[in-house]
Amino acid sequence: MFPPTGNRPISAHVTSPASPDYLTRLNPEQRAAVETVDGPLLVLAGAGTGKTRVLTTRFAHILMTRRAFPSQVLAVTFTNKAAREMRERVAAILGEPAEGLWLGTFHALCARMLRRHAEHVGLNSNFTILDTDDQIRLLKQVMEAERIDTKRWTPPSLMGVIQRWKDRGLTPERITAAEDTDFANGKARALYAAYQSRLRALNAADFGDLMLHVTEILRAHPDILADYHRRFRYILVDEYQDTNLVQYLWLRLLAQGHRNICCVGDDDQSIYSWRGAEVENILRFEKDFEGAKIVRLESNYRSTAPILAAASGLIAHNEGRLGKTLRPGRADAQSGEKVTVVGLWDSDEEARMVGDRIEQYRRDGHPLSEIAILVRAGYQTRSFEERLIAVGLPYRVIGGLRFYERAEIRDAIAYMRATVQPADDLAFERIVNVPRRGVGDAALRTMHETSRREGIPLAAAAALLVQNGGLKGKVRDAVGGLLRDFLRWKDMLEKDGHVVTVATMLDESGYTEMWKQDKSAEAPGRLENLKELVRALADFENLTGFLDHVSLVMENEERDDNDKVSLMTLHGAKGLEFDTVFLPGWEEGIFPNQRAMDESGNAGLEEERRLAYVGLTRARRNAIVSHAQNRRIYANWQSSIPSRFLEEMPAEHVQHSGSAAMARDARIAAATSFGSQFPLMATRRPRVIEAWEQPGRPARTDQIPVGARVFHSKFGYGVVTGAEDDKLDIRFEKSGEKRVLDRFVERA
DNA sequence: CGAGTCCTTCTTTTT
DNA sequence: GAAGGACTCG
C-alpha cells in the first residue's frame, strides 16, 4: 500500500485526527520518543524497554506523516542483525518490503557512499574491501619491507594501533609526533602511511577505511556534504553508545543539515570500547546539538522483577552512569523466580548441569529455541557443544566463523578479485598456487622482486616473467595459463554475466576439482558452500554488489527454523532475548575477563560488568548463572574463584541451587587448599590460581631484572636478556636462548 | 617444491 | 590440545 522506494509521495490515508493505531500501542515515554520528530533527540533506552520498537515506529511515523520519503531517511545500526530486523519491521508496518532505503550498518552505508566518491581518496569505485586476514598479511609485508622485526613488533599489534587511529578519524597526516606511540621506536605513523599507500596501490580499503575515507571526503568536499544534507532529512541511530569517534564525526557532519537526528542508546550496554567505542559520545550529544531533547525509556517489558533487580543491583556497582532505573513493566513480572546461581566442582560438571537442566526444560514443554547459553568468549562454547551432542540436544552456534571467513569462500573470492582487479596482489598471491600449480616460494619471490623493481602489480610482473623467461618450465606454463584464464574470464564476465563466469572460473581453475579429490571430512561441506556462493551470486546485479554483501553483511546463520538451543558469546547476544538464559563461567579471570582488566583497569572491569548486565537482561523468565571451581585451560587444570559479579547481585533476588552450597564455600576451599598465602581475601585475587602454583612454591612477587643470573630446573643457569609481561628471554649456559615464564625460574 | 615435523600461540569481544 | 606457522629434509 505504501511505496517502498523512490520518490513517489506516500499515499498516506492516515486521515483520522485520532492517533493512528501504531502510536496507541506505545507507552507515554515511547510515544514521546516517536513523536518528538524534529530536532535532535537522544533516547536513553534501558534493556528491554522497546528500543527497536521505538526506532522502527519512529521511522514509520516519519513516513506516515509525510515528513520524508523512505529514501530521505538515514537509519544506521551497529550490526547486520539489527539492520535486518529494522528493515523487516519497517516493512511490516509499511505493508511492503522496504527497498532502496539508506538503512544499514555504519560500514555498509559507508561502503555505499565510498563507491560513489572513491576517486576523492585515490581509489577506483570498484575497490576491494579487505578482511582482517588480508589486512594483517599486507601490513606484515609493509613491515618487512621497512625491516621491522615482526617477532618483536607483531603485525596484529600494529594493526591495533592503526585501527585505533582510524577509529578516531585520524589519517596518517593528522597524527602528530606526540600521538605516535613508542611502537617500533616511533615508526608506527610511518608504517601506517606506508600501509595506506599500499592499500591505495591495490585499490583496496580495510574496514576502518570505509568510515575514515568517507568522513574525510565529507570534511573536504562541502558540495558532496551538501548533497547528502539535501538527501537525508532524518537520521536514526541505533546502539549509539557503541559508536566510535569517527562514526560520531560522520553522523555529526551528516546531521548538520536538518539537525533531525535521533540517537538511541544505553550507556549501561556499552560493550565495545575495545573497538574504539566512546560512551562519551552520549554525553557530547547535548553539547553538540543545542536544544537536544532527552527521553528515557525505563519500563522493561522483557524480564521478571527478580531478574531486573539482580541486573540493576549488579550494574549499580559501576560509577559514572547516566542513571536509569529499570522498572518492571510486565503484568506477571512479580511472579518470577529468583536468579539461580549454581556452583560446580569443575567445568565438565558445569556442562553436564546445563545439559541436564535443558533436558528438564524440554520435558516440561519448553521450546529449545527459547533457551540460550551465553559465554564470555568463543572458545567456551566447545564444552557445551560436546555435552549437547552427547545428550542429543540440537543446538546452533551463533557467531563463530562467518561465511566469508571460510577458506574456500575466500579462495573463490580471490579468484574473482584477481580476475576483475589485476592490481589486487593479495588475491593473486592467495590463489596463484591453489590448487597446486608448482608455484612455490622461489617463484613467488621472483615475482615480488620484479613487481617491486618495475613498480607494477604482481600479476603484471608474472606476465613479464613468463614472457622474458624469468620463469621456466612447469611454473612458467602454469602461471602463463592462469594469467590467460584471468583474461578469458574477464571477457566472459561481460558476455555471459557474473553467475556463469564464476561457476566456470571455479571449474576451469581446478578449484572445485581440488576439493573433490580431497578426502578430508570437511571437503563435502566446502563444496556445498561453494555451490551456495554461486547460488547467492544470482541475487546481485553485479560482482561488486555481491562482494560487498559477502564481506559486510553475509552471516553464517543457516536458515533453519528447527527448535534448537542457541549458543553464543555475550556480545553476540546483545539485542536478543530468550525465556531461559544460561550464564556459565562466572569466575574471576574468565568473567570478568583477566585481559580486559589488565589492559583497561577499572574501566575494563566496568565494561565486563556491563556485559554481565547485558547477559542477565537477555532472560525473560529464567537466568541460571554458574561457576566451576576447577577448569581445564589448555592442557592443565586451573582452580577458579567465583566471579565478584555473583556477590554484586543483591542476595534477596538470588537463589543458590544444586551443589551451590559447596560452591558458596569455594572461596574458603580455594583458600585452604592453596595454603595460607591465599587468605579469605582471595576473592579479590585478580588472577586465577594455576594448579601448578603449589603451596610451598609461593608466587613470585619480585621482578627479575634484565641481566640477572637465574636458575631453571630444566635448562639450568642463564642470564636474562629481555622481559615481556611474565615471560623472560634467557640465554642459558647449556641450552641456548629460550623464552620462559618467569615463575619457572629463580634468581641464582 | 612439498611433505613432514617442531614450535608457538591461542582465549575477549566484531564490522 | 589444536592449529597454524616456521623450519628441515627428501
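To find a chain, count down the sequence lines: A is the first, B the second, and so on, and within it residues start at 1.
Per the stacking criterion (ring centres < 5.5 Å, plane angle < 30°), Tyr379(A) does not stack onto the base of dC10(B).
With distances taken from any side-chain atom of Asn80(A) to the nucleotides dC1(B), dT15(B), dG2(B), the minimum falls on dT15(B). Distances from the side chain of Ala442(A) to the nucleotides dT15(B), dC1(B), dT13(B) place dC1(B) closest.
As judged by a 4.0 angstrom heavy-atom cut-off over every strand, Lys474(A) is placed among residues making no nucleic acid contact. Nucleic acid contact class of Gly378(A) (heavy atoms, under 4.0 Å, all strands): sugar-phosphate only. Asn433(A) comes within 4.0 angstrom of sugar-phosphate atoms only, judged by non-hydrogen atoms across all strands, and of no base. Within the 4.0 angstrom heavy-atom criterion, only backbone atoms of the sugar-phosphate kind lie near Tyr272(A); the bases stay farther away. Looking at heavy-atom distances under 4.0 Å, Glu599(A) makes contact with a base.
The base of dT15(B) lies close enough to the side chain of Arg275(A) for a donor and an acceptor atom to sit less than 3.5 Å apart.
In terms of phosphate contacts, Thr569(A) brings a side-chain nitrogen or oxygen within less than 4.0 Å of OP1 or OP2 of dT14(B). Taking only side-chain nitrogens and oxygens, Lys140(A) comes nearer than 4.0 Å to OP1 or OP2 of dA6(C). Within the structure, every side-chain polar atom (N or O) of Arg382(A) is placed at least 4.0 Å from both OP1 and OP2 of dG1(C).
Under the 3.5 Å distance criterion, with hydrogens and angles disregarded, no donor-acceptor pair is assigned to the side chains of Asn126(A) and Thr544(A). A donor and an acceptor atom, one from each side chain of Glu607(A) and Ser273(A), are located under 3.5 Å apart.
At least one cation-pi condition fails for Arg631(A) and Trp637(A): the charged atom is not both under 6.0 angstrom from the six-membered ring centre and inside a 45 degree cone around its axis.
Of the possible donor and acceptor atoms, one in the side chain of Glu350(A) sits under 3.5 Å from a partner among the backbone N and O of Gly585(A).
One interatomic measurement links the two molecules: CD of Gln594(A) to P of dT11(B), which rounds to 16 Å at whole-angstrom precision. The CG-P distance, from Asp133(A) to dT15(B), rounds to 16 Å in whole Å.
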